[in-house]
Amino acid sequence: IQAILTELDRDIRNSLQRREVSIDDKSIQEIDLIQAEELGEESNESWQFTRSILSPGFASLPTPIQHAIALGYGLGFNQEEIALLLSFSDQTVVSKKLKAHQEELLKVLLKALSDRHEPSQDAGKAIQLRSPELKEAKKALQEWLGEYCQEPYHQFLAAELKPILATEPDITELLQVLYIEQLAPKAAAKKLNLAEATLKRNQQNFLSRLRSRLQSHLEQVMDISLSEPGIQKVTEKRLTAFIDSWFDKPAYFLPQANQK
């Protein structure tokens, strides 16, 4: 995302001399997210600037829209599931609302980047960019939303994991062999002197504990029920996938293991 933001920042500077495609052009299609990259000082500056603009912009969105974006970008629920969870009439309504509010955030981002280089530009003037630049802007926004919406849940899991690692050495060993050393279950079970079935059962029990706590946290924060018929199974699937992806990046939980 830092690479995208840096390139977008340059494009904004160049686009101030052009008038080709408007941000309001409804023909621009949604695009997929891209993977983050490590960059230098310029990239980090662009990232910090973008966060300072988009964080308050996101906070100003209606609460149901914030929750919808958090469920989708943060936890991987699809629009049909979001509609069910947040009592929207159907998936189409969710899609239209999310698109409209994401366009608002995109306009805020582009206007801020434009003002950064040309503060005297008229407030009501539409920002004009080429189609590729708009695609880069949407990539930056969508990637930012993904990271921003996942962050509080990563922090929640880290806080839940810390006392577990401090008091349950068997869990620490389980995480070590499966996620840090990345051993196959058979090899991991042999190293821990366990039957493979026992190791898998211990892993599932542990993940179930974390999933249950994350589910309760979501229900409290969003004032929703994730245990209703028709949503319980998909909730388990989404939250399990989210927790698995968190453990697939040991940097998220290694500091907790080192503090045990």
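One is the number of the first residue; the rest follow in order along the sequence.
The aromatic rings of Phe242 and His154 lie parallel to each other, their planes meeting at an angle below 30°, with 60° marking the opposite boundary.
The side-chain hydrogen bond (donor to acceptor under 3.5 Å, both in side chains) search around Ser225 returns Glu228, not counting sequence neighbours. Scored by the side-chain contact (heavy atoms from CB on, under 4.5 Å) test, Thr240 finds Arg211, Asp244 as partners (sequence neighbours excluded). Not a single side-chain contact (heavy atoms from CB on, under 4.5 Å) links Pro163 to another residue, sequence neighbours left out. Applying the side-chain hydrogen bond (donor to acceptor under 3.5 Å, both in side chains) rule to Gln203 yields the partners Tyr179; only residues at least two apart in sequence or on another chain are considered.
Nearest heavy-atom pair, Cys149 versus Ile69, reported as atom, atom and distance to 0.1 Å: SG-CG2, 3.7 Å. The shortest non-hydrogen separation linking Pro185 to Lys200 is CB-CE, 3.8 Å.
Judged purely by distance below 3.5 Å, without hydrogens or angles, the side chains of Gln215 and Ser227 pair a donor atom with an acceptor atom. At a cut-off of 3.5 Å, with distance as the only test, a side-chain donor of Gln102 or Tyr73 sits close to an acceptor on the other residue.
The stretch residues 165-184 participates, sequence neighbours left out, in these salt bridge (Lys or Arg N to Asp or Glu O under 4.0 Å) pairs: Glu168-Arg209, Glu181-Lys191. Residue pairs meeting the salt bridge (Lys or Arg N to Asp or Glu O under 4.0 Å) criterion with at least one member in residues 56-66, sequence neighbours excluded, do not occur.
By the 6.0 Å contact criterion, CD on Glu80 is open, its count of non-hydrogen atoms from other residues, nucleotides or ligands being 12 or less.
The side-chain hydrogen bond (donor to acceptor under 3.5 Å, both in side chains) test with Glu81 is passed by exactly one of Gln91, Arg238, Lys237: Arg238.
In this structure the side chain of Lys139 never reaches within 4.5 angstrom of the side chain of Glu143, judged on heavy atoms.
The backbone N or O of Leu61 lies less than 3.5 Å from a partner atom in the side chain of Gln66, making a donor-acceptor pair.
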